[in-house]
Protein chains: 2
Amino acid sequence: MEPIRPDLVPNPAVRRLSFYLRQMESFQRKGLATVSSKQLGDSLGFTDAQVRKDMSYFGQFGHPGVGYPVEEMITQLRHILGTDKTWNVLLVGAGNLGRAMLAYRGFDVRGFRIVAVFDADRNKIGKKMASLMIQPLTALEKTIAAQSIRLAILAVPAEHAEEVANRLVEAGIRGILNFAPVTLTLPPKVAVNSVDVAVQLEQLSFHVNFPALEPSGQS
Amino acid sequence: MEPIRPDLVPNPAVRRLSFYLRQMESFQRKGLATVSSKQLGDSLGFTDAQVRKDMSYFGQFGHPGVGYPVEEMITQLRHILGTDKTWNVLLVGAGNLGRAMLAYRGFDVRGFRIVAVFDADRNKIGKKMASLMIQPLTALEKTIAAQSIRLAILAVPAEHAEEVANRLVEAGIRGILNFAPVTLTLPPKVAVNSVDVAVQLEQLSFHVNFPALEPSGQS
DNA sequence: GGATGTGAATGCATTCACAGCA
DNA sequence: TGCTGTGAATGCATTCACATCC
């Protein structure tokens with residue numbers, strides 16, 4: 001419950017937080033009660049100093065001579081990341097990728113629930129997908145307001161991504177996970193994370209061609 | 001065709017290369033012949049200095065007073081990234097996400113082609129998915145050798161990811177795009193890119209809770 | 001002894017700023 | 001004038017190393 005000052009926290013540290021949480025949950029499943037910065041770091045490919053420094057940005061969670069309490073860290077990390085409560089998420093794009101997102105089992109346990117699906121295609125509207133009725137884009141604003149949705153997954157073709165994103169933002173969405181291969185230009189108040197699978201493969205292509213670099217670096 | 005020394009190139013610069021290429025292709029579709037570092041940077045949220053510095057790591061592509069020739073840059077960037085030739089890619093995991101990857105139209109044009117699909121599920125083996133026959137994991141080694149495959153997309157449940165990844169590496173795979181929510185521990189010669197969609201949403205969650213940071217930063 | 005937490009030191013990446021070319 | 005290419009300067013992030021505590 002510390003007064004986090006995000007401007008003092010390196011962005012990379014925030015990204016690593018998610019991995020710490022994921023790994024802590026794995027340690028918990030293995031029955032470990034405490035974990036040292038070295039153990040945690042090794043399991044993720046970070047140094048122990050890195051782990052300790054990152055933790056220190058958010059508070060004092062460890063016990064000297066002992067390590068970090070697994071259970072408590074999970075609670076803390078969830079709180080910091082804001083996933084100790086469940087987020088309602090909306091999905092735009094009921095194609096193959098949209099279906100995969102909807103079917104993904106991993107969201108619930110991490111604090112996310114897709115509660116609405118939208119598509120522009122008249123043939124899809126009204127049909128059901130994993131128990132959710134596919135809605136027309138005209139219903140966007142009403143649904144976002146009614147269920148106070150702040151996060152959206154954008155799985156539409158590149159040509160429509162920018163336009164849909166703008167509508168989402170106007171309707172109150174504050175964070176977008178974008179799968180379309182375009183750079184979205186949005187107001188700074190909106191957080192955007194883009195995943196372009198072709199870009200991911202290009203990176204691999206480069207590193208396979210020039211193996212000197214990148215000691216198994218995980219994005 | 002310069003002698004690229006990857007050890008002299010900042011990793012972040014390599015990541016941006018893909019975005020430069022993507023954007024250049026967009027400029028090309030708009031019919032532009034040349035683009036300045038400022039135009040390119042603005043369109044991606046980078047500074048002009050950043051763009052010029054990045055380019056300079058790989059050669060001298062621009063013309064003072066004019067900018068960068070779009071067509072030629074596309075050729076160059078593809079060559080640097082190694083996507084001027086098509087990579088054969090294999091897919092492990094014929095679930096929803098696997099299906100989405102297989103159906104994705106964006107791969108071909110960027111130099112990737114999924115040529116084989118594998119799954120552990122007996123019920124799926126032998127069935128077809130987008131014209132590819134789903135193969136058992138026992139066929140992994142033979143197929144990789146026969147089609148000289150170097151890249152793989154891993155879309156299997158978390159529990160099996162590590163094990164399958166090890167097999168892929170032993171069979172000669174040199175780059176893995178991993179969608180399973182685990183950190184893979186592999187030899188340094190293997191390039192790994194991981195996409196954990198829950199982690200992506202967690203990042204958004206954090207930034208929505210603490211909007212001070214991140215001026216619409218795109219991962 | 002074994003581990004954390006953290007200022008100080010180091011190492012990278014970005015940005016500046018300007019010489020030089022079209 | 002307009003823009004690139006690049007050393008030099010700055011600014012961040014990581015790592016070191018050690019005081020501190022169980």
Side-chain angles (χ1 to χ4, degrees), chain A residues 2 4-17 19-20 24 27 32-70 72-73 76-77 80 212-215 217-219, chain B residues 2 4-17 19-20 24 27 32-70 72-73 76-77 80 212-215 217-219:
Chain A
E2 273 72 28
I4 298 173
R5 261 156 260 127
D7 43 308
L8 300 182
V9 181
N11 242 297
V14 177
R15 256 173 273 137
R16 283 188 296 267
L17 236 46
F19 294 99
Y20 295 146
M24 282 294 189
F27 284 134
L32 296 182
T34 63
V35 165
S36 72
S37 56
K38 179 131 202 340
Q39 285 177 283
L40 181 52
D42 285 352
S43 71
L44 290 165
F46 309 145
T47 66
D48 55 334
Q50 178 84 84
V51 171
R52 291 198 301 278
K53 178 65 87 177
D54 285 347
M55 298 299 188
S56 79
Y57 290 126
F58 298 95
Q60 320 218 129
F61 304 120
H63 299 285
V66 180
Y68 297 89
V70 172
E72 193 190 318
M73 282 306 305
Q76 291 290 346
L77 288 169
I80 295 167
L213 210 57
E214 187 87 353
Q218 221 126 152
S219 108
Chain B
E2 272 73 28
I4 297 174
R5 259 155 262 128
D7 44 308
L8 299 183
V9 181
N11 243 296
V14 177
R15 258 173 271 137
R16 285 188 294 267
L17 237 43
F19 294 100
Y20 296 144
M24 282 293 189
F27 284 133
L32 295 182
T34 63
V35 164
S36 73
S37 57
K38 179 130 202 342
Q39 284 178 282
L40 181 52
D42 284 351
S43 71
L44 289 165
F46 309 146
T47 66
D48 54 334
Q50 179 84 84
V51 171
R52 292 198 300 278
K53 179 65 86 178
D54 285 348
M55 297 301 186
S56 80
Y57 290 125
F58 297 97
Q60 319 218 128
F61 304 120
H63 299 285
V66 180
Y68 296 89
V70 173
E72 191 190 318
M73 281 306 305
Q76 290 290 346
L77 288 169
I80 295 166
L213 210 57
E214 186 88 354
Q218 220 126 153
S219 106

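As the structure is a computational prediction, the values presented were derived from the model and not from experiment. Chain naming here is simple, since letters A, B, ... match the order of the sequence lines and numbering starts at 1 in each.
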Would you name the heavy atoms of B/Met24 and B/Tyr68 that are closest together and state the gap between them?
->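 Looking at all heavy atoms of both residues, the shortest contact is CE-CB, 4.1 Å.
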
Shortest non-hydrogen contact from A/Ala13 toward A/Asp54 =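 Residues A/Ala13 and A/Asp54, closest heavy atoms: CB-OD1, 3.4 Å.
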
Let me confirm one number: the [atom1]-[atom2] distance from [X] to [Y], rounded to the nearest 0.5 Å.
| X | Y | atom1 | atom2 | result |
| --- | --- | --- | --- | --- |
| A/Leu77 | A/Phe61 | CG | CZ | 7.0 Å |
| B/Leu32 | B/Gln39 | CG | CD | 6.5 Å |
| A/Met55 | A/Gln76 | CE | CD | 10.5 Å |

Got a list of protein N/O to nucleotides 1-5 of chain C N/O distances below 3.5 Å?
unit_1	atom_1	unit_2	atom_2	d
C/dG2	N2	A/Gly65	N	3.4
C/dA3	O4'	A/Gly65	N	3.3
C/dT4	OP1	A/Ser37	N	2.7
C/dT4	OP1	A/Ser37	OG	3.4
C/dT4	OP2	A/Ser37	OG	2.7
C/dG5	OP1	A/Phe61	N	3.3
C/dG5	OP1	A/Gly62	N	3.1
C/dG5	OP2	A/Tyr68	OH	2.8
C/dG5	O3'	A/Gln60	OE1	3.1
C/dG5	N7	A/Arg52	NE	2.9
C/dG5	O6	A/Arg52	NH2	3.3

DNA chain D: 5'-most and 3'-most nucleotides touching chain A, 4.0 angstrom heavy-atom criterion |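 Here the contact window of chain A covers D/dA13 to D/dC22.
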
B/Tyr57 and B/Val14: side-chain contact (heavy atoms from CB on, under 4.5 Å), yes or no, with the steps?
-> CA-CA 10 Å; B/Tyr57 290 125; B/Val14 177; over 6 Å; no

N/O donor to acceptor pairs below 3.5 angstrom from side-chain atoms of residues 43-51 of chain A, sequence neighbours left out:
unit_1	atom_1	unit_2	atom_2	d
A/Ser43	OG	A/Leu40	O	2.7
A/Thr47	OG1	A/Gln50	N	3.0
A/Asp48	OD2	A/Arg52	NH1	3.3

